[in-house]
A.B. asks: 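Below is a structure I'd like to ask you about.
Keep in mind that what you see is a predicted model, and the values were worked out from it rather than measured. Per chain, numbering begins at 1; letters A, B, ... match sequence-line order.
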Amino acid sequence: MKERYDFQAIERKWQQDWERNEIYGVSEVPGARKHYVLEMLPYPSGALHMGHIRNYSLGDSVARYQRMRGRNVLHPLGWDAFGLPAENAAIQHGVPPEKWTLENISKMKDQCKRMGFSYDWAREIATCLPEYYRWNQWFFIQMHRRGLAYSKKGPVNWCERCQTVLANEQVVNGLCWRCDTPVMQKDLAQWYLAITRYAEELLQGLDGLTQWPEKVRTMQRNWIGKSVGAKVRFPLEESDAGIEVFTTRLDTIFGATFLVLAPEHPLIADWLGQAGAPEELTLMVEQARSQDRRIRTDEATEKVGAFTGRFAQNPFSGERVPVWTANFVLMEYGTGAIMAVPAHDHRDFEFSHKYQLPVRTVIVSNGEQGLPDRPTEAMTEPGVLVDSGLYSGMTSQQAQQAMGELAEREGFGARTVTYRLRDWGISRQRYWGTPIPIIHCPQCGAVPVPEEELPVLLPKMEGVQMGGSPLQKVPEFVQADCPRCGAPARRETDTMDTFVDSSWYFFRYADPRNDSRPYGPEPVKYWMPVDLYIGGVEHAVLHLIYMRFFSKVMRDLELVDLEEPVKRLFTQGMVIKDGAKMSKSLGNVVSPDEIVREFGADSLRLFIQFCAPPDGELEWNDKGVEGCSRFLKRLWRVVFQFHQGLRPAQDFPHFDQLSDAERKVLRKLHQTIQKVTADLERFHQNTAVAALMELLNAVTEYADQDGARPEVLSQMFDPMVRLLAPFTPHICEELWRELGHEGSVVNAAWPAYDPQLAREEEIEIVVQINGRVRARVGAPAEVTLEGMKELALADPRVQDFVQGKDVRKVIAVPGKLVNIVISG
RNA sequence: GCCCGGGUGGCGGAACAGGCAGACGCACAGGACUUAAAAUCCUGUGGGGGGCGACCCCCGUGCGGGUUCGAUUCCCGCCCCGGGCACCA
């Protein structure tokens with residue numbers, strides 16, 4: 001008997017064996033049912049943290065389980081290898097970003113192997129390699145050809161610390177998502193991807209993603225921010241120009257007592273440029289423009305404004321309305337101008353109050369009589385129109401339609417839809433990213449690099465420095481000939497946002513070494529969509545919206561025949577310690593390496609799946625790992641103590657020849673098979689592990705009895721090891737071989753449960769009296785409802801309660817419970 | 001303010017479709033083994049009360065109501081915590 005569970009030796013041994021035999025390699029097998037399990041690809045920071053371990057342990061147990069169920073499972077991993085930390089390391093320590101990144105990848109890959117994750121490493125990708133990023137460039141060119149990638153000069157989000165532009169999605173509460181520096185506005189020429197063209201489709205598609213968490217779908221809906229309304233043009237007095245406003249409440253237009261322009265509105269600049277512009281106006285506009293965006297867009301910030309001295313005309317009522325400008329109106333939403341209806345909008349109400357502007361009620365609640373004399377707050381609900389000319393008496397909805405139709409007929413407005421979603425700015429003024437494949441020619445303008453010249457290689461740079469696009473300082477890179485006219489030209493020196501890399505990487509796993517296109521149609525057709533995608537919720541409006549966009553574009557490029565790339569999304573919870581996220585600054589980081597060294601990968605994997613439900617937060621607890629390690633030691637002990645003399649399964653005694661204890665433990669086994677299977681299907685790894693612990697408790701109890709029979713134990717160990725294999729593959733592999741099997745447990749079949757054996761022979765019926773448990777009676781499993789009632793009423797304790805009382809009702813729940821309702 | 005989650009022992013959590021609240025694990029206490037400790041094994045462990053005793057009673061899933069024979073679970077009204085969005089016209 002092997003005395004000790006030497007996890008270090010066992011884990012090393014089987015990791016080497018699996019690698020040598022390439023046991024985790026997969027290929028397309030026609031006819032075999034595929035299953036694609038994916039985990040969000042990591043940034044190669046240098047070390048896996050507990051969040052990674054949790055993510056990959058969950059994915060790995062699903063991948064192994066599906067494989068044992070006979071699926072052809074694709075389970076790959078790669079590296080999101082471009083990005084700022086590599087560049088910052090280069091600046092701080094003088095290490096070339098490529099070297100830093102590749103070394104980190106190698107370290108982390110090693111950690112993955114030491115965890116025993118079943119990745120097909122033959123499909124590994126790293127986004128910083130030309131063989132990968134050339135396809136980023138290729139996609140960019142395809143998009144450019146269709147007008148989906150375009151360049152535009154305008155205000156962009158700028159992070160001074162990262163020295164680069166950020167996408168809207170990367171600005172979190174006005175701060176840089178990476179370093180929390182307040183984001184400024186800057187005017188720059190940038191490349192954009194036209195995600196807004198897919199806004200409606202991305203929104204509609206969410207309804208079909210029924211296996212995504214509601215939370216993520218809601219976040220995406222909010223982010224896309226669809227508003228249905230109308231644009232209306234208010235002609236300006238003494239001018240040919242007009243002011244176009246966007247409103248979702250066209251029905252309130254008779255209550256529009258003034259207009260407000262954003263301080264950045266082009267008309268404001270015009271007017272300020274003219275002689276005699278009021279000083280007060282100039283001052284206000286300057287103040288608003290220079291206000292920190294975060295403060296400016298905070299609801300709590302005081303609304304300030306100024307009268308422009310101009311008037312416009314309400315196209316519906318013909319009324320003359322003053323034109324104001326104010327800090328609360330933003331240029332980037334709608335038309336940058338609003339009609340203010342103080343009676344029916346909180347913000348307008350507040351503003352009108354401060355500047356003594358008129359408030360006019362034009363909507364009343366259904367069934368309400370008369371007008372409120374002096375409203376104390378805005379009534380923002382829809383209702384019935386009053387004081388609105390021809391439209392008085394209509395409901396808000398009717399009026400919106402009728403007014404919209406009139407505006408369209410008369411040509412001063414139209415019903416329209418706006419979105420909060422902006423096009424995706426992908427230019428980054430940094431070195432370590434995919435070069436944008438564009439050449440700027442003085443004659444021809446921005447010309448895409450011809451496809452056959454891809455990839456545009458990122459030149460090696462020794463001394464990367466902050467400030468400006470680093471590639472500008474590499475003359476050999478910058479100097480290029482125009483692909484169209486051959487004249488000397490300048491190569492684009494910005495690189496792509498790294499979220500481009502991660503927007504399509506999971507397609508590449510299907511065909512990772514293709515060097516003539518991003519992927520071939522057949523492998524993608526076979527493997528896609530991803531059946532299960534596991535990762536953190538923090539990418540809800542970043543990666544998870546970009547990847548949906550890319551998939552739609554690929555469909556329109558006729559590269560794939562697919563609406564949505566991910567069937568089921570699972571967002572796992574964070575790993576925390578002492579109530580806070582693990583972080584270096586808090587000093588509460590637990591290193592997976594140390595845990596693996598002390599308890600082994602299997603114990604860590606088991607604990608991290610046992611300790612909390614996968615979608616909830618996981619509070620780290622060292623003692624908990626120890627408990628899981630104890631469980632594995634006990635498993636080891638019981639198998640090695642009893643496996644000698646185990647007989648093959650066919651010697652198993654007939655059911656009728658089993659003792660009560662033997663039937664009991666066999667029943668527990670089949671119940672456990674049933675439970676673990678169901679729990680894995682519904683992603684409740686924690687209770688699956690708990691069930692396996694219960695099973696081991698039952699088996700140990702039987703095994704320690706006098707007269708425990710080896711042939712019965714043999715029947716127990718075999719399926720038990722298989723059930724546990726997805727969670728703790730190393731120890732299970734060792735035990736599996738010890739039990740006499742030739743091949744790997746990885747390829748063993750998932751055990752089936754026998755409903756007959758899982759069924760209890762004798763059941764316990766809970767007897768309640770007026771809803772309180774008062775007794776328990778035994779009954780045969782096949783007892784009828786009437787039989788249950790009789791048994792319950794016959795029980796002496798029940799008799800005591802019932803005696804002299806009036807039994808009004810007896811309720812029986814099959815196989816479970818009888819409730820006797822008495823009175824008096 | 002709006003939208004998602006969530007609130008259960010000392011702790012992490014379980015209870016899948018309204019039917020025994022607290023599975024499993026941690027921690028703790030007592031015991032066995034040991035010269036001793038560690039490891040391991042056994043027993044106990046929501047709170048309160050009663051009985052020599054096998055046991056029995058009462059209370060208990062954030063708070064207050066409701067529906068029901070029966071509510072951690074469903075409904076109404078609150079409180080608290082976590083996350084997301086938020087001057088978006």
A.B. asks: Using the C1' atom as the reference point in each nucleotide, state the distance between B:G62 and B:U72 in Å, no decimals.
C.D. replies: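 Roughly 12 Å separates the two C1' atoms.
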A.B. asks: For B:U8 and B:G30, measure between their C1' atoms and round to the nearest Å.
C.D. replies: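 So the two C1' atoms sit 28 Å from each other.
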A.B. asks: Would you mind reading off the distance between A:Arg808 atom CZ and B:U68 atom P, rounded to a whole angstrom?
C.D. replies: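 Rounding to the nearest Å, CZ of A:Arg808 and P of B:U68 are 13 Å apart.
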A.B. asks: With sequence neighbours left out, write down each residue that passes salt bridge (charged side-chain N to carboxylate O under 4.0 Å, His left out) with A:Arg415, or none if nothing qualifies.
C.D. replies: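 So A:Arg415 forms a salt bridge (charged side-chain N to carboxylate O under 4.0 Å, His left out) with A:Glu408.
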A.B. asks: Considering only NZ, NE, NH1 and NH2 on the basic side and carboxylate oxygens on the acidic side, decide whether A:Asp806 and A:Arg808 come within less than 4.0 Å.
C.D. replies: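 No, A:Asp806 and A:Arg808 are not salt-bridged.
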A.B. asks: Taking only the C1' atom of each, what is the distance from B:A21 to B:A71 in whole angstrom?
C.D. replies: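 Their C1' atoms lie roughly 12 Å apart.
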A.B. asks: So does A:Arg422 pair up with A:Glu332, basic N to acidic O under 4.0 Å?
C.D. replies: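 A:Glu332 and A:Arg422: not salt-bridged.
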A.B. asks: Check A:Glu598, A:Gln609, A:Met50, A:Arg54 against A:Leu604 for a side-chain contact (heavy atoms from CB on, under 4.5 Å) and give me the one that passes.
C.D. replies: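 Among A:Glu598, A:Gln609, A:Met50, A:Arg54, the one meeting side-chain contact (heavy atoms from CB on, under 4.5 Å) with A:Leu604 is A:Met50.
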A.B. asks: Between A:Lys303 and A:Glu350, is the closest basic N to carboxylate O distance under 4.0 Å?
C.D. replies: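 Yes.
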A.B. asks: Under the ring-ring contact (aromatic ring centres under 6.0 Å, His included) rule, collect the residues that match up with A:Phe570, sequence neighbours excluded.
C.D. replies: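 With sequence neighbours excluded, A:Phe570 shows a ring-ring contact (aromatic ring centres under 6.0 Å, His included) to A:Phe683, given in chain and number order.
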A.B. asks: Taking side-chain hydrogen bond (donor to acceptor under 3.5 Å, both in side chains) as the test, write out the residues that go with A:Asn55, two or more places apart.
C.D. replies: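 Here no residue qualifies.
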A.B. asks: Give me the atom names and distance for the closest heavy-atom approach of A:Thr325 to A:Ala262.
C.D. replies: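 So the minimum-distance heavy-atom pair works out to OG1-C, 3.7 Å.
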A.B. asks: Angle between ring planes, A:Tyr5 versus A:Trp636, binned at 30° and 60°: parallel, tilted or perpendicular?
C.D. replies: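 Judged by the thresholds at 30° and 60°, the geometry between A:Tyr5 and A:Trp636 is tilted.
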A.B. asks: Please write out the pairs of protein N or O atoms and N or O atoms of nucleotides 6-12 of chain B separated by less than 3.5 Å, giving the distance to one decimal.
C.D. replies:
unit_1: B:G12; atom_1: O2'; unit_2: A:Cys611; atom_2: O; d: 2.8

A.B. asks: Tell me whether the OP1 or OP2 atom of B:G25 has a side-chain N or O from A:Asn697 closer than 4.0 Å.
C.D. replies: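 Yes, such a contact exists.
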A.B. asks: Between P on B:C2 and NE2 on A:His346, what's the gap in Å once rounded to a whole number?
C.D. replies: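 In whole Å, B:C2 P lies 10 Å from A:His346 NE2.
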A.B. asks: Rounding to the closest angstrom, what is the interatomic distance between B:G83 and B:G13 at atom P?
C.D. replies: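 My reading of the P atoms in B:G83 and B:G13 gives 16 Å.
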A.B. asks: Salt bridge check, A:Asp800 against A:Lys805: does any charged N sit closer than 4.0 Å to a carboxylate O?
C.D. replies: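 Salt bridge absent between A:Lys805 and A:Asp800.
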A.B. asks: How does RNA chain B read in dot-bracket, base by base from 5' to 3', with Watson-Crick or G-U pairs under 3.5 Å and | used when the partner is on another strand?
C.D. replies: (((((((..(((......[....))).(((((.......))))).(((((....)))))..(((((..]....))))))))))))....
A.B. asks: Taking the nucleotide of RNA chain B with the closest heavy atom to each, which residue, A:Gly624 or A:Thr218, is nearer the 5' end?
C.D. replies: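 The residue closer to the strand's 5' end, by nearest nucleotide, is A:Thr218.
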A.B. asks: Between A:Lys623 (NZ) and B:C24 (C1'), how many Å, whole number?
C.D. replies: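 In whole Å, B:C24 C1' lies 19 Å from A:Lys623 NZ.
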A.B. asks: How far, in whole Å, is B:U61 from B:G6 if one measures between their C1' atoms?
C.D. replies: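 B:G6 and B:U61 have their C1' atoms separated by 13 Å.
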A.B. asks: Counting primed atoms plus P, OP1 and OP2 as sugar-phosphate and everything else as base, spell out the protein contacts along nucleotides 83-89 of chain B at 4.0 Å heavy-atom distance: B, S or - for each nucleotide, 5' to 3'.
C.D. replies: SSSBBBB
A.B. asks: For B:C74 and B:G19, measure between their C1' atoms and round to the nearest Å.
C.D. replies: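 14 Å, rounded to whole Å.
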A.B. asks: Any N/O pairs under 3.5 Å between the protein and nucleotides 69-74 of chain B? List them or say none.
C.D. replies:
unit_1: B:C69; atom_1: OP1; unit_2: A:Lys809; atom_2: NZ; d: 3.3
unit_1: B:C69; atom_1: O2'; unit_2: A:Asn819; atom_2: ND2; d: 3.4
unit_1: B:C69; atom_1: O2; unit_2: A:Asn819; atom_2: ND2; d: 2.4

A.B. asks: With the threshold set at 4.0 Å, does a side-chain nitrogen-carboxylate oxygen contact exist between A:Asp345 and A:Arg347?
C.D. replies: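 Here A:Asp345 pairs with A:Arg347 in a salt bridge, since their nearest N and O are under 4.0 Å apart.
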A.B. asks: Going 5' to 3' through nucleotides 37-58 of chain B, assign each nucleotide B (protein heavy atom under 4.0 Å from a base atom), S (under 4.0 Å only from sugar-phosphate atoms) or - (no protein heavy atom that close).
C.D. replies: ---SS---------------SS
A.B. asks: Pick the P atom in B:G22 and in B:C80, then give their distance to the nearest Å.
C.D. replies: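 So the two P atoms sit 32 Å from each other.
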A.B. asks: Only one of A:Glu760, A:Glu701, A:Glu694 clears salt bridge (charged side-chain N to carboxylate O under 4.0 Å, His left out) with A:Lys668; which?
C.D. replies: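 Between A:Lys668 and the candidates, salt bridge (charged side-chain N to carboxylate O under 4.0 Å, His left out) is satisfied uniquely by A:Glu694.
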A.B. asks: Do the ring planes of A:Phe351 and A:Tyr355 sit parallel (below 30°), tilted (30 to 60°) or perpendicular (above 60°)?
C.D. replies: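 Rings of A:Phe351 and A:Tyr355: tilted, 30 to 60°.
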A.B. asks: Taking atom CD of A:Glu214 as the centre, does the number of heavy atoms from other residues, nucleotides or ligands within less than 6.0 Å exceed 12?
C.D. replies: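 Check passes, neighbour count above 12.
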A.B. asks: Any idea if B:G13 is syn or anti, going by the 90°-from-0 cut?
C.D. replies: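 Anti, which is what one calls it when the glycosidic angle falls more than 90° from 0.
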A.B. asks: May I ask you to say what A:Pro613 touches in the nucleic acid, namely base, sugar-phosphate or nothing, with a heavy-atom cut-off under 4.0 Å?
C.D. replies: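 Touches sugar-phosphate only.
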A.B. asks: Rounded to the Å, how far apart are A:Asn686 CG and B:C16 C1'?
C.D. replies: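 So the CG-C1' distance, A:Asn686 to B:C16, works out to 12 Å.
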A.B. asks: Work out how far the P atom of B:U35 is from that of B:C52, and round it to whole angstrom.
C.D. replies: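 These two P atoms come out 42 Å apart once rounded.
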A.B. asks: Rounded to the nearest angstrom, tell me the gap between atom NZ in A:Lys668 and atom C1' in B:C24.
C.D. replies: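 That distance rounds to 10 Å.
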A.B. asks: Could you pull out all residues at least two apart from A:Tyr753 that satisfy ring-ring contact (aromatic ring centres under 6.0 Å, His included)?
C.D. replies: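 A:Tyr753: no ring-ring contact (aromatic ring centres under 6.0 Å, His included) contacts found.
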A.B. asks: For atom NZ of A:Lys789, is the number of surrounding heavy atoms from other residues, nucleotides or ligands below 6.0 Å larger than 12?
C.D. replies: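 Enclosed: over 12 neighbouring heavy atoms sit under 6.0 Å from NZ of A:Lys789.
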A.B. asks: Just to verify, what does A:Glu302 make a salt bridge (charged side-chain N to carboxylate O under 4.0 Å, His left out) with, not counting sequence neighbours?
C.D. replies: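 Result, salt bridge (charged side-chain N to carboxylate O under 4.0 Å, His left out) vs A:Glu302: A:Lys354.
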A.B. asks: Quick one: salt bridge (charged side-chain N to carboxylate O under 4.0 Å, His left out) pairs with a partner in residues 615-624 of chain A, sequence neighbours left out?
C.D. replies: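 Qualifying pairs, neighbours excluded: A:Lys623-A:Glu626.
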A.B. asks: Go through the side-chain N and O atoms of A:Gln641 and A:Arg637 and say whether any donor and acceptor fall under 3.5 Å apart.
C.D. replies: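 Side chains of A:Gln641 and A:Arg637: pair found under 3.5 Å.
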A.B. asks: Using a strict heavy-atom distance below 4.0 Å, which residues from residues 672-684 of chain A are in contact with RNA chain B?
C.D. replies: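 Those residues whose heavy atoms fall under 4.0 Å from RNA chain B, taken from residues 672-684 of chain A in numerical order, are A:Lys675, A:Arg682.
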A.B. asks: Can we say A:Glu264 and A:Arg289 salt-bridge, meaning some charged N sits less than 4.0 Å from an Asp/Glu carboxylate O?
C.D. replies: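 Looking at A:Arg289 together with A:Glu264, the answer is no, because their closest N to O distance does not fall below 4.0 Å.
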